[in-house]
Amino acid sequence: AIKHRLWPEIDRITLEQLHYARLEVGTGSWQLFAEDGDMRMYRREEEADGLVVDPLKACHVVKGVTGHEVCKIFFSPEYRSGWEATLEDMTVVENISNDTLVFLQTHKRIWPASQRDALFWSHIRKVPDEQDVEAQDLWIVCNQSTEHPEYPANTGKCVRIYLTVCLVCQTLVNPPKENEEINREDITCKITYCSVVNPGGWAPAAVLRAVYKREYPKFLKRFTNFCIDQCKDKPIEF
Ligand SMILES: O=S(=O)(CCO)c1ccc(-c2ccc(C3CCCC3)c([C@@H]3C[C@@H]3c3ccccn3)c2)cc1
């Protein structure tokens, strides 16, 4: 198949983000800022030309769903309005392939910051886990801001944000008894969510950090609950 002009970038950034997600939080100056059950949220306080661009890393363990199911829900446009509470509008502006889309999203205005939009490619991929042969394969979704001639930044009401996001999922199977088939009680999904969001235009550091502190835990909790709900009555998809 012919590869898209973005393919080298998509491949490079997806693999870079996979490596970054798999680094233990022990390394580097990660600061735990939220905990909820098995969910741990870490951030690093970083600024780029006076703008808060705090990298975020969230680790979560969710029972009853596979990494493939979680990544598919995160990647697919048809589910997004069900879990992305801050979404105001979403368009797929380019269908690069069945595993790569380009999205234009406008997010609800979070007072007092002005409204934001994001234009990004999104790529889903299964990655053989060469380190741990027992474990199932890993699944990753990588979202990376990109340009598009028809959707220039900051021409309308929205300030364009710049994001790099990855969701890396590993499925763990608790082997059932002899010749019993695997059911959802036997599966667990280890989730790592990483994001770096440059808010684009200026927003007060204290305001942004308060938004991040409030919104990210809500977002991951809502997303994972949505996945459990979506999958519970369906056959397991490994
Ligand atoms: O994981 S994704 O790719 C899922 C696809 O939708 C994604 C996640 C988060 C964002 C996002 C966009 C704007 C803003 C802010 C910046 C200034 C004012 C609004 C934020 C801030 C961090 C807070 C936030 C965090 C989580 C959810 C919503 N809000 C986040 C975009 C995409």
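As the structure is a computational prediction, the values presented were derived from the model and not from experiment. Both ligands and their constituent atoms are indexed starting at 1 by order of listing.
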Exercise. Who's the nearest protein heavy-atom neighbour of atom 8 (C) of ligand 1, and how far?
Worked result: Tyr193 OH, 3.5 Å
Exercise. Atom 9 (C) of ligand 1: which protein heavy atom is closest, and how many Å away?
Worked result: Tyr216 OH, 4.1 Å
Seminar exercise, completed: Looking only at non-hydrogen atoms, the one of Met90, Lys213, Arg209, Glu215 nearest atom 25 (C) of ligand 1 is Glu215
Exercise. Looking only at protein heavy atoms, which one is nearest to atom 12 (C) of ligand 1, and how far off is it?
Worked result: Ile161 CD1, 3.3 Å
Problem set entry | Contact check, Leu167 vs ligand 1, heavy-atom distance below 4.0 Å | no
Problem set entry | Tyr216-Ser195 side chain donor-acceptor pair, cut-off 3.5 Å | yes
Exercise. Between Glu88 and Lys157, is there a salt bridge with N-O shorter than 4.0 Å?
Worked result: yes
Exercise. Less than 3.5 Å between some nitrogen or oxygen of Asn143 and one of ligand 1, yes or no?
Worked result: yes
For this session: Start with the C-alpha gap between Tyr193 and Phe219, add the side-chain angles, then the distance that decides, and say whether ring-ring contact (aromatic ring centres under 6.0 Å, His included) holds.
Result: CA-CA 11 Å; Tyr193 173 87; Phe219 156 79; 5.1 Å; yes
Exercise. Phe103: heavy atom below 4.0 Å from ligand 1, yes or no?
Worked result: no
Seminar exercise, completed: Closest to atom 10 (C) of ligand 1 among protein heavy atoms sits His107 CE1, 4.0 Å
For this session: Please confirm whether the backbone N or O of Gly37 pairs with a side-chain atom of Arg40, one donor and one acceptor, at under 3.5 Å?
Result: yes
For this session: Go through ligand 1 atom by atom and flag the ones less than 4.0 Å from a non-hydrogen atom of Trp83.
Result: 4 (C)
For this session: Examine ligand 1 and decide if any of its atoms is less than 4.0 Å from a heavy atom belonging to Trp111.
Result: no
Seminar exercise, completed: Per side chain to side chain donor-acceptor pair (under 3.5 Å), Arg125 is matched among Asp99, Thr14, Asp11 by Asp11
Exercise. Can an N or O of Gln105 be found at a distance shorter than 3.5 Å from an N or O of ligand 1?
Worked result: yes
For this session: Indicate yes or no: does Glu69 engage Lys72 in a salt bridge with an N to O separation below 4.0 Å.
Result: no
Exercise. In the protein, which heavy atom is nearest to atom 17 (C) of ligand 1, and how far is it?
Worked result: Leu208 CD2, 3.6 Å
For this session: Considering only non-hydrogen protein atoms, determine which one is nearest to atom 23 (C) of ligand 1 and report residue, atom name and distance to 0.1 Å.
Result: Val211 CG1, 3.7 Å
Exercise. When you look at Phe223 and Phe74, which way does the ring-ring contact (aromatic ring centres under 6.0 Å, His included) test go after all the steps?
Worked result: CA-CA 8 Å; Phe223 170 67; Phe74 186 72; 5.4 Å; yes
Problem set entry | Glu9 versus Trp121, side-chain donor and acceptor atoms under 3.5 Å | yes
Problem set entry | Protein contact of atom 18 (C) of ligand 1 - nearest heavy atom, named by residue and atom, plus distance | Arg116 CD, 4.1 Å
Exercise. Hey, is atom 14 (C) of ligand 1 touched by any protein heavy atom at less than 4.0 Å?
Worked result: no
For this session: Output, in order, the C-alpha distance, side-chain angles, deciding distance and verdict of side chain to side chain donor-acceptor pair (under 3.5 Å) for Arg116 and Gln105.
Result: CA-CA 9 Å; Arg116 256 70 183 178; Gln105 297 190 164; over 6 Å; no
Seminar exercise, completed: With heavy atoms and a 4.0 Å threshold, my read on which part of Leu163 contacts ligand 1 is side chain
Seminar exercise, completed: closest protein heavy atom to atom 19 (C) of ligand 1 is Ile110 CD1, 4.0 Å
Exercise. Would you call Glu45-Arg209 a salt bridge at under 4.0 Å N-O?
Worked result: yes
Exercise. Do any nitrogen or oxygen atoms of Glu84 lie less than 3.5 angstrom from nitrogen or oxygen atoms of ligand 1?
Worked result: yes
Problem set entry | Partner of Leu104 under side-chain contact (heavy atoms from CB on, under 4.5 Å), chosen from His148, Glu94, Arg160 | Arg160
